[in-house]
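First comes the structure, then the notes that go with it.
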Amino acid sequence: MKSLSKLLSVLLVLLAACGNTQQGIQQEVQTYLDDYNKKYRELYTASSEGQWKVNTHIVAGDTVNAYESRIADEAMANFTGSKENIEKARKFLEHEKDLTALQVKQLKKILYLAAGNPESASETVKELIRAGTAQTEHLYGYKFSIDGKEVTPNDIDSMLADVRDTTMRRKAWEASKAVGAELKPGLMNLRDLRNKVVEGLGYPDYFTYQVSDYGMSTDEMMSLLDRFNKELYPLYRELHTYMRYELSKKYGVKNVPEFLPAHWLSNRWGQDWSEMVTVEGLNLDSALQLKDAEWVARQGEKFYVSLGFPELPKSFWEKSSLYPVPKDAGYKKNTHASAWHMDLENDVRSLMSIVPNAEWYETVHHEYGRIYYYSSYSNPEVPYLLREGANRAYHEALGSMMGLAAMQQPFAAGLGLVDSTTKMDEMKHLLKDALNYVVFIPWSAGTMSHFEYELYAKRLPSDQWNKRWWEIVRQYQGIVPPVERGEDYCDAATKTHINDDPAQYYDYALSFILLFQVHDHIARNILKQDPHATNYFGNKEVGKFIADIMRPGSSADWRKLLKEKTGEDLSARAMLDYFSPLMDWLKKENAGRTYTLPEMK
């Protein structure tokens with residue numbers, strides 16, 4: 001008995017020691033993480049301020065903003081990529097089983113961030129920062145022109161939306177692509193620098209590095225994207241055939257082209273064809289033309305407040321850049337809409353060029369979704385390191401979903417933008433939605449993702465870029481340029497993300513799949529409404545459901561969060577269900593027409 005008693009005493013002492021050891025390592029790790037998060041936020045804020053100036057006040061020949069931004073970015077890179085942080089994170093992860101899940105998540109995030117700018121490649125990192133800043137200035141400081149007259153990107157978009165003369169449309173489209181040739185040398189350099197930097201922590205290429213943030217391999221991501229393309233391909237094939245014939249009629253062309261000419265479409269990259277269709281009873285443009293840009297900006301806030309979210313902070317209205325820069329202002333700005341979380345706390349801003357039309361009305365609701373996501377996860381339970389979407393697609397998904405909700409007839413009628421008694425052509429409305437959301441999948445999961453995969457993972461030679469770009473565009477989108485485009489051009493580089501948000505465009509593809517999944521759940525299980533005709537406005541239960549998804553940031557596992565909230569894994573099921581009524585209608589419309597995209601094998 002004495003021996004047994006002694007043995008039990010020893011075991012208790014050992015267990016207590018183990019407990020103390022676990023508690024001790026957790027305390028040590030937490031002290032490190034608290035210090036890291038504090039410094040991370042300080043440097044993140046400085047970097048954001050620098051980038052904000054670079055994007056909102058571009059003056060030809062003025063290098064002050066670029067210099068200050070570079071210094072701030074280098075300071076952030078020096079910290080996140082420091083050898084000390086890499087070694088500490090690795091050392092602490094050797095005790096992963098003794099740490100909390102939240103601690104492990106932060107340590108792995110520290111290593112992910114370090115791979116983007118490791119100290120072991122410090123000179124290359126500095127060169128990458130300088131190259132990135134210069135590329136941004138070239139892209140957004142470029143002066144577009146048609147027949148020698150300067151035009152803005154908004155001018156070009158308006159021409160592609162409204163002008164019927166195909167000669168003028170071609171001029172506008174070609175003007176939009178002229179910047180690509182100037183951006184090609186910078187992109188060549190950036191591609192090589194990005195790949196070189198991440199190799200330092202064991203990633204084979206930059207594309208693989210970006211995909212790893214999802215907890216996936218490149219093969220897994222490309223297989224997932226190909227699956228979504230395959231599932232939506234039959235519907236896209238019908239839409240492609242329909243538009244070839246309808247646009248031929250619109251432009252007075254007797255011989256229907258085999259593939260869609262790029263300049264026939266309203267979007268510069270053919271990623272959204274919805275402006276080509278007008279829906280009777282849902283013409284928001286005519287109502288919005290009677291409003292001003294500020295009404296559009298403020299109305300977006302009212303929507304979120306009606307769901308139970310707080311008003312936007314006063315600083316949002318004071319510091320954001322919401323409206324177009326006057327042509328005589330003496331400076332330019334990035335015209336691509338974006339939302340900014342400046343300090344990982346309450347300084348939230350948006351960069352837009354709002355004018356009162358349906359496109360910007362939808363964009364405002366979309367971008368404010370990101371803003372409210374920032375505000376929701378800026379709470380004490382989420383460390384600064386994890387104040388981001390559950391994955392990168394969640395931000396875009398929830399923003400896009402709010403844009404979709406704002407465009408549905410019951411919602412718009414509630415705002416007095418359309419007459420609720422006017423009969424709407426529901427199939428045309430569904431067609432218009434498909435020309436936005438379905439058409440976007442071959443562009444995002446196909447063209448952009450496959451080109452950037454080849455650019456980084458396959459190291460596509462630069463003398464093949466334009467040829468390969470248009471081969472991929474034709475394969476996935478069925479679109480061709482008005483004339484052959486040689487290697488003197490670099491049409492891929494005209495897309496902003498290729499330059500300054502690289503190797504992650506699949507975020508948008510996944511977000512569209514995700515948005516229909518979440519919207520379907522809200523419509524059927526909370527609102528008890530037809531997913532095609534919902535009105536979120538004023539529904540606090542909808543607001544709580546969305547806020548509950550937003551609040552954890554990336555501290556929650558994105559797969560578990562989705563399954564808990566919708567009861568499903570990531571799936572195109574809801575998107576296919578949403579557009580299923582359109583398939584039969586399109587087949588009838590296309591009866592007797594020639595399909596040029598092959599059937600799915």
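For this chain, numbers begin at 1 and follow the sequence in order. Below, each value reflects all heavy atoms present in this structure, side chains not excepted, and no hydrogens, waters or symmetry copies. The shown structure was predicted, so the numbers you read here are calculated from the model rather than taken from an experiment.
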Whether Tyr506 side chain and Val211 backbone form a donor-acceptor pair below 3.5 Å: yes
Test item: side-chain donor near acceptor, Gln26 and Gln103, under 3.5 Å: no
Lys105 and Ser555: side chain donor to acceptor below 3.5 Å: no
Side-chain donor-acceptor contact under 3.5 Å, Thr496 with Tyr140: yes
Lys565, NZ: over 12 other non-hydrogen atoms inside 6.0 angstrom: yes
Any side-chain donor near an acceptor of the partner, Thr208 and Thr218, under 3.5 Å: yes
Test log, rule side chain to side chain donor-acceptor pair (under 3.5 Å), inputs Thr31 and Asp34: CA-CA 5 Å; Thr31 298; Asp34 288 345; 5.7 Å; no
Near-ring test Tyr40/Phe79, centroid separation under 6.0 angstrom: no
Residue among Trp269, Tyr142, Tyr489 satisfying side chain to side chain donor-acceptor pair (under 3.5 Å) with Thr494: Trp269
Pair Glu345-Tyr374, side-chain donor/acceptor within less than 3.5 Å: no
Shortest non-hydrogen contact from Glu231 toward Ala572: OE1-CB, 3.2 Å
Modelled atom types, side-chain donor and acceptor of Asn499 and Gln135, under 3.5 Å: yes
Closest contact, heavy atoms only, Ser320 versus Ser350: OG-N, 3.0 Å
Asp73 versus Ser47, side-chain donor and acceptor atoms under 3.5 Å: yes
Side chain to side chain donor-acceptor pair (under 3.5 Å) assessment of Ser378 paired with His341: CA-CA 10 Å; Ser378 294; His341 199 184; 3.2 Å; yes
Output field: ring centroids His521/Phe545 closer than 6.0 Å: yes
Polar contact flag, side-chain donor to acceptor under 3.5 angstrom, Tyr206-Gln210: yes
Under 3.5 Å donor-acceptor, His138 side chain and Ala134 backbone: yes
Tyr67 six-ring face occupied by Arg70 cation (under 6.0 Å, within 45°): no
Closest non-hydrogen atom pair between Pro502 and Ile498, with its separation: CB-O, 4.0 Å
Ring centers of Tyr368, Phe316 separated by less than 6.0 Å: yes
Exam field: side chain Arg387 to backbone Asn379, donor-acceptor pair closer than 3.5 Å: yes
No-hydrogen, no-angle side-chain donor-acceptor test under 3.5 Å, Asp226 and Ser223: no
Test item: side-chain donor near acceptor, Ser554 and Glu388, under 3.5 Å: yes
Salt bridge (charged side-chain N to carboxylate O under 4.0 Å, His left out) partner of Glu568, chosen from Lys563, Arg573, Arg559: Arg573
Polar contact flag, side-chain donor to acceptor under 3.5 angstrom, His497-Gln504: no
Atom OH of Tyr453 with >12 non-hydrogen neighbours under 6.0 angstrom: no
Six-ring centre of Trp52, Arg349 cation under 6.0 angstrom, axis tolerance 45°: yes
Side-chain H-bond candidate by donor/acceptor type, Glu137 with Asn65, under 3.5 Å: no
Close aromatic pair by centroid cut-off 6.0 Å: Tyr456 and Tyr203: no
Partner residues of Glu87 under the side chain to side chain contact (heavy atoms under 4.5 Å, CB included) criterion, sequence neighbours left out: Lys83
Side-chain H-bond candidate by donor/acceptor type, Asp507 with Tyr214, under 3.5 Å: yes
Stepwise ring pair (Phe, Tyr, Trp, His ring centres under 6.0 Å) test for Tyr394 and Tyr373: CA-CA 9 Å; Tyr394 270 71; Tyr373 206 156; 7.3 Å; no
Salt bridge (charged side-chain N to carboxylate O under 4.0 Å, His left out) between Glu84 and Lys88, worked out: CA-CA 6 Å; Glu84 180 184 0; Lys88 281 188 175 181; 3.3 Å; yes
Aromatic ring pairing Phe309/Tyr304, orientation class (parallel under 30°, perpendicular over 60°, tilted between): perpendicular
Within the 6.0 Å centroid threshold, strictly below: Tyr508 and Tyr505: yes
Within the 6.0 Å centroid threshold, strictly below: Phe512 and Phe228: no
Residue Glu381 excluded, over 12 heavy atoms near CD under 6.0 Å: no
Test item: side-chain donor near acceptor, His450 and Asn229, under 3.5 Å: no
